[in-house]
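Below is one structure, written out as structure tokens; the observations come after it.
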Protein chains: 2
Amino acid sequence: MATRSTRKLVSRLSNDDRTADIMAAARAVISAKGYENTLLSDIARQAGVVEGTIYRYFANKRDLLVKVVEVWFGEQLAIDSHLESISGTQNKLRYIAWRTLDIIRREPVLARFMLMELRPDPNYRSTAFFEMNRRFTHEVLALCRDAAERGEFLNDVSPNMLRDMLHGCIEHRTWAFLRGEGDFDIDEVADGIARVIYRGMFAQQVATRSDIGMAIARLEELAARLERKLDGG
Amino acid sequence: MATRSTRKLVSRLSNDDRTADIMAAARAVISAKGYENTLLSDIARQAGVVEGTIYRYFANKRDLLVKVVEVWFGEQLAIDSHLESISGTQNKLRYIAWRTLDIIRREPVLARFMLMELRPDPNYRSTAFFEMNRRFTHEVLALCRDAAERGEFLNDVSPNMLRDMLHGCIEHRTWAFLRGEGDFDIDEVADGIARVIYRGMFAQQVATRSDIGMAIARLEELAARLERKLDGG
DNA sequence: GGCTACTAATGAAGCCGATTCATTAGCGAA
DNA sequence: TTCGCTAATGAATCGGCTTCATTAGTAGCC
């Protein structure tokens, strides 16, 4: 097809090198132009190859972008040992929310891709991404479950619901941020979420009728003793 | 271009009639095949017109589908007078959440369109859809604000945050439903959301065990003082 | 150092939708 | 009945992704 004279090949690299090149190019393009505006031809140009070459390494455009975002997301998850050093369930909740919001603030394009492309995928649950995300959100589940077992939290709302409230609220806020509305005060948001969930689930040690009954009994006992003294004196 | 012999025109209708035909066809196709699988040619065939005709009435495919969803969403908002008859802030919250979940359950494809196409739109805030959605979510805002003013709710988390928690959680659950996971128990979800938010914000005027303990300590102190007087006297 | 086999890289062609626009035909007004 | 307007047409275009027969680096062998 192509004439001999126009053909020029770039150097032949190992599979790994070429894959890395293309993914780096894709990452650069996607983060510069946003997901919907990313063309395969842009990626190819940036990587210094031709569009067809990409299909030797990736099944299709979406496959490429998913792999890029998986790596990206994995990097975010890696930095993650601070949680244990925080004490108190409410503080832990606040930190988890804050950290998630912070990732979103730093990498809005990534966040958008997650929300738009990965989560709606019908077989999301069998993707590598799901597994990573599961580990990520597992913290909230474990935290709430522990609190319930220790008696700190009530038992009447499932930890899954609480996790969804936390992440759902974060995502809802994220959309406003991604559209460029307002100033995205992540401290305020994280604090509000943690506060409402914690207070909403806290198994408050309120006084019961029997507590009050005991108090009355004690007062009656004291009064009786005084009375005896007065009578006797 | 076209030869005289092959050309056949459908009857010419008023603009409104033809617009309605196309929108009805679009709605049928999108709800049968899902948004990503909806082709303009499907819609045209269903409407009994040719693809090009659609461009006389709508700027492009997206414009058509947005208008379809706007009308649909408007219908949902119309049925909406039950809320006032419900008493109690928590019950109202539960009803609002339940009703939203119910709309989603009945029209999952359109719900998906809202979440995927309308909300991410950069000029979402200037769309008719935003205005409708504002009225829709305004109920939650008003409810929480009123409760705060009456002293039923605490003042330390903004009503906007609470609204986002409610809708965020609903949306998060919706994705799982749209992917066909689990059974989408909307009663449980609505109840959980309302419960956590209500309890989390309720300005609880109850006595705690420590309050009663302090009271008892104070009484014992008084009793001791009396006793000393009697003993000394 | 030349030859061969292997396969990475090429890029033109194919394909599949949305979108455009010159042409045609229905319809109401004069 | 004719005329003018414009709704409807559908072939052509366009803009992406994807395929695949062809070309050319490269490593291994003698």
Side-chain angles (χ1 to χ4, degrees), chain A residues 1-26 29-30 32-69 113 116-117 121, chain B residues 1-26 29-30 32-69 113 116-117 121:
Chain A
M1 306 261 171
T3 64
R4 161 172 301 203
S5 61
T6 57
R7 208 159 264 218
K8 231 187 290 180
L9 264 63
V10 302
S11 67
R12 298 174 76 158
L13 300 176
S14 74
N15 273 13
D16 282 358
D17 287 350
R18 183 61 81 220
T19 302
D21 277 0
I22 293 170
M23 287 178 73
V29 173
I30 197 179
K33 311 186 84 173
Y35 177 69
E36 8 278 353
N37 303 320
T38 294
L39 304 184
L40 209 63
S41 53
D42 290 332
I43 296 172
R45 195 176 322 111
Q46 175 84 21
V49 298
V50 117
E51 295 176 50
T53 301
I54 293 173
Y55 286 84
R56 177 161 301 280
Y57 298 95
F58 301 94
N60 50 43
K61 181 186 174 185
R62 187 171 193 281
D63 175 53
L64 163 60
L65 297 182
V66 165
K67 292 211 167 89
V68 166
V69 175
F113 186 84
M116 292 277 299
E117 290 300 314
D121 192 329
Chain B
M1 305 265 172
T3 64
R4 162 172 300 205
S5 60
T6 56
R7 205 153 268 218
K8 228 186 294 182
L9 265 63
V10 303
S11 67
R12 299 174 74 159
L13 300 175
S14 74
N15 273 13
D16 283 357
D17 287 349
R18 183 61 80 219
T19 303
D21 276 0
I22 293 169
M23 286 179 73
V29 174
I30 195 179
K33 313 186 84 172
Y35 176 69
E36 8 276 353
N37 304 319
T38 293
L39 305 184
L40 210 62
S41 52
D42 291 332
I43 296 172
R45 196 177 321 109
Q46 175 84 20
V49 297
V50 118
E51 295 175 50
T53 301
I54 293 173
Y55 286 84
R56 176 161 301 281
Y57 298 95
F58 302 93
N60 50 43
K61 182 185 173 186
R62 186 172 192 282
D63 176 52
L64 163 59
L65 297 181
V66 165
K67 292 211 166 89
V68 166
V69 176
F113 185 84
M116 291 279 299
E117 292 298 316
D121 192 329

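Numbers restart at 1 for each chain; the letters A, B, ... are given by sequence-line order, proteins then strands.
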Is there a side-chain contact between A:Thr19 and A:Lys67 (heavy atoms, below 4.5 Å)? no
Rounded to whole Å, please give me the gap between CG in B:Asp17 and C1' in D:dA7. 13 Å
Among C:dA18, D:dG16, D:dT9, which nucleotide sits nearest the side chain of B:Leu39? C:dA18
Separation of D:dC17 atom P from A:Glu36 atom CD, nearest Å, is 13 Å
Run the numbers on B:Gln46 and B:Ile43 for side chain to side chain contact (heavy atoms under 4.5 Å, CB included), then give the verdict. CA-CA 5 Å; B:Gln46 175 84 20; B:Ile43 296 172; 5.7 Å; no
Both atom distances under 3.5 Å, Watson-Crick or G-U wobble: I'd like the secondary structure of DNA chain D as a dot-bracket string, with | for pairs made across strands. ||||||||||||||||||||||||||||||
Is there a residue in residues 55-64 of chain A whose heavy atoms reach under 4.0 Å of DNA chain C, and which residues are they? A:Arg56, A:Tyr57
Contacts of type salt bridge (Lys or Arg N to Asp or Glu O under 4.0 Å), residue A:Lys61, not counting sequence neighbours: none
Listed by chain and number, what are the side-chain contact (heavy atoms from CB on, under 4.5 Å) partners of A:Arg56, not counting sequence neighbours? none
Could you tell me which non-hydrogen atom of A:Ala26 sits nearest to which non-hydrogen atom of A:Leu65, and how far apart they are? CB-CD2, 4.3 Å
May I ask you to evaluate whether B:Thr53 reaches the phosphate of D:dA7, defined as a side-chain N or O under 4.0 Å from OP1 or OP2? no
For A:Leu40, which contact category applies under a 4.0 Å heavy-atom criterion: base, sugar-phosphate, or nothing? base
Pairwise ring-ring contact (aromatic ring centres under 6.0 Å, His included) hits with a residue in residues 40-69 of chain A, at least two apart: none
Can you tell me the distance, in whole Å, between the CD1 atom of B:Ile54 and the P atom of D:dG10? 13 Å
Is A:Arg18 near enough to C:dA8 that one of its side-chain N or O atoms lies under 4.0 angstrom from OP1 or OP2? no
Heavy-atom nearest pair, A:Glu51 first then A:Ala44, reads N-CB, 3.7 Å
In whole angstroms, the gap separating P of D:dG15 from CG of A:Asn37 amounts to 15 Å
Atom-pair distance (CD1 on A:Ile43; P on D:dG16), nearest Å: 13 Å
Rounded to whole Å, how long is the line connecting atom CD1 of A:Ile22 with atom C1' of C:dT10? 13 Å
Report the distance from atom CG of A:Leu64 to atom OG1 of A:Thr38, rounding to the nearest 0.5 Å. 9.5 Å
Who pairs with A:Asp42 by side-chain contact (heavy atoms from CB on, under 4.5 Å), at least two apart in sequence or on another chain? A:Val29, A:Lys33, A:Leu39, A:Arg45
Calculate the interatomic distance between B:Glu51 atom CD and D:dC14 atom P; express it in whole Å. 17 Å
